[in-house]
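Computed over heavy atoms, backbone and side chain alike; hydrogens, waters and symmetry mates excluded. Letters go in sequence order (proteins before strands), and every chain restarts at 1.
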Protein chains: 2
Amino acid sequence: MTIAKHPAEFDDDTPIQEVLTWRIHQVHSKLNVHASKFLERTSGIALAQWRIMLSIGPEGSTTHSEICRYIAVDKGQLSRSLKGMIEEGLVKTENDEHDQRQQNISLTRKGRRIFRKTLPLMRQRQSFLVGALSKTEHKAIFSALNKLELAAENHEFLP
Amino acid sequence: MTIAKHPAEFDDDTPIQEVLTWRIHQVHSKLNVHASKFLERTSGIALAQWRIMLSIGPEGSTTHSEICRYIAVDKGQLSRSLKGMIEEGLVKTENDEHDQRQQNISLTRKGRRIFRKTLPLMRQRQSFLVGALSKTEHKAIFSALNKLELAAENHEFLP
DNA sequence: ACTTTATTGTTGACATATCAACTAAACTGT
DNA sequence: ACAGTTTAGTTGATATGTCAACAATAAAGT
């Protein structure tokens, strides 16, 4: 059997820095830091909060479970995040008339103000990041991500 | 100002599913789940533990700070992870003769056994994932990730 | 020599993620 | 009408990530 000769040589001639899943992990982490700082400084909100606000939208109202589906966040996590956001006055909830189990969630005036301010900034940021890529890279990274996602969901490779 | 008309429409005509950083977040998360399950089932170790073992290598010995640099993990986190791994008998430490501050970390016999078993499996997994990509996509995703990483580290876009 | 600074690793505090148990309400099928 | 099942959301337990304070040692500057 062949064995990595030195720390972080994942394959005989492939240092860990060139292992795809590792790269995704690293870049994801840095993008996260970047987004969090950016949001913190421009709007004083957390990344998780921004995603939730984006799910709700400035006018609309949604429910917990819709948000969960949309941004694929754990419902427990969401419940706690929303609690914080209500305390901060970003969102408000009211019980649904027709289904006593669910709540309609919407932005408060303050939440809307922040949303309107933040959306174009986040768009600019996205343009800045994507602007670093060529057309080819841009297309390729999306289709590559799609394929990786499918492969990761595929149980074929899970014992 | 233009505003998303509906939940999760990040840009006028761009649903959140097509926002690059969001896609990276999602795919990363699924790859993480996949890797964790895979490691759990094949070797009974956690992803963080595998990364650490990979940093140490089967023969070599390293220090905390080297591992931190290598896999970019927090030193506090690493300290705790190693404590667990020592309890589980995967790694051992001994004080460095020349520098009383640092410890030399190496795999135990058991750790080596698991490492040797796991490395080829993880390579296979990587091949499986990367095998889903075309040559073009493969090249493009790496260069795209590099550029995104640079852009994210760039402070130009941080207020 | 000796004061200052930098590095190594541990620990505490706190935020975030993941998973599972639980209650209440709504739906389903008989 | 009503037993069984599903769905909505809350809460608890536990793991992981992030950040800062700290003690011990080493290295650098004077």
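- Taking atom CD of B:E66 as the reference point, atom C1' of C:dG9 lies 14 Å away to the nearest angstrom.
- Of the charged side-chain nitrogens involved, none lies within less than 4.0 Å of a carboxylate oxygen, so that B:R112 and B:E59 do not count as a salt-bridged pair.
- Between the side chain of B:R101 and the base of C:dT8, no donor-acceptor pair of N or O atoms lies under 3.5 Å.
- Between the NZ atom of A:K83 and the C1' atom of D:dT11 there is a distance of 8 Å, rounded to whole Å.
- One atom, CD of A:Q103, and another, P of C:dA24, lie 15 Å apart when rounded to the nearest Å.
- Ranking D:dA8, D:dT11, C:dT10 by closeness to the A:Q102 side chain, first place goes to D:dA8.
- Ring geometry, A:F142 versus A:H138: the interplanar angle exceeds 60°, so the pair is classed perpendicular (tilted spans 30 to 60°).
- Counting only heavy atoms from C-beta on, A:S79 has its side chain closest to D:dT11 among C:dT10, D:dT11, C:dA26.
- Both B:Q100 and A:D99 lie close to DNA chain D; mapped to their nearest nucleotides by heavy-atom distance, the more 5′-ward contact belongs to A:D99.
- Going from atom OH of A:Y70 over to atom P of D:dA8 covers 16 Å, rounded to whole Å.
- Side chain of A:Q49 to main chain of A:A46: a donor-acceptor pair is present (N/O by atom type, distance under 3.5 Å, no hydrogens or angles).
- For B:I45 and D:dA15, the CD1 to C1' distance is 16 Å, given to the nearest whole Å.
- Atom C1' of nucleotide D:dT10 and atom CE of A:M85 are separated by 18 Å, given to the nearest angstrom.
- In this structure, the side chain of A:K30 does not engage the main chain of B:L148 through any donor-acceptor pair within 3.5 Å.
- Within the 4.5 Å cutoff, side-chain heavy atoms of B:N32 are placed close to those of B:L47.
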Report all interatomic pairs (protein N or O, nucleotide N or O of nucleotides 15-22 of chain C) with separations under 3.5 Å.
{"unit_1": "C:dA17", "atom_1": "OP2", "unit_2": "A:Q77", "atom_2": "NE2", "d": "2.8"}
{"unit_1": "C:dA17", "atom_1": "N7", "unit_2": "A:Q77", "atom_2": "OE1", "d": "3.1"}
{"unit_1": "C:dC19", "atom_1": "N4", "unit_2": "A:D74", "atom_2": "OD2", "d": "3.4"}

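- In this structure, B:H28 and A:H25 have tilted ring planes: the angle between them lies in the 30° to 60° band.
- Proximity note for A:S65 (side chain, C-beta onward) versus C:dA26, C:dT11, D:dG9: the nearest is D:dG9.
- B:T93 places no side-chain N or O within 3.5 Å of a backbone atom of B:Q103 that could act as its donor or acceptor partner.
- Distances shorter than 4.0 Å separate none of the side-chain N or O atoms of B:H64 from OP1 or OP2 on C:dT7.
- Between the C1' atom of D:dG17 and the CD atom of A:Q26 lies a distance of 16 Å, rounded to the nearest Å.
- Rounded to whole angstrom, the span from the CG atom of B:N95 across to the C1' atom of C:dT8 amounts to 12 Å.
- Both B:T63 and A:H98 lie near DNA chain C, and the one whose nearest nucleotide falls closer to the 5' end is B:T63.
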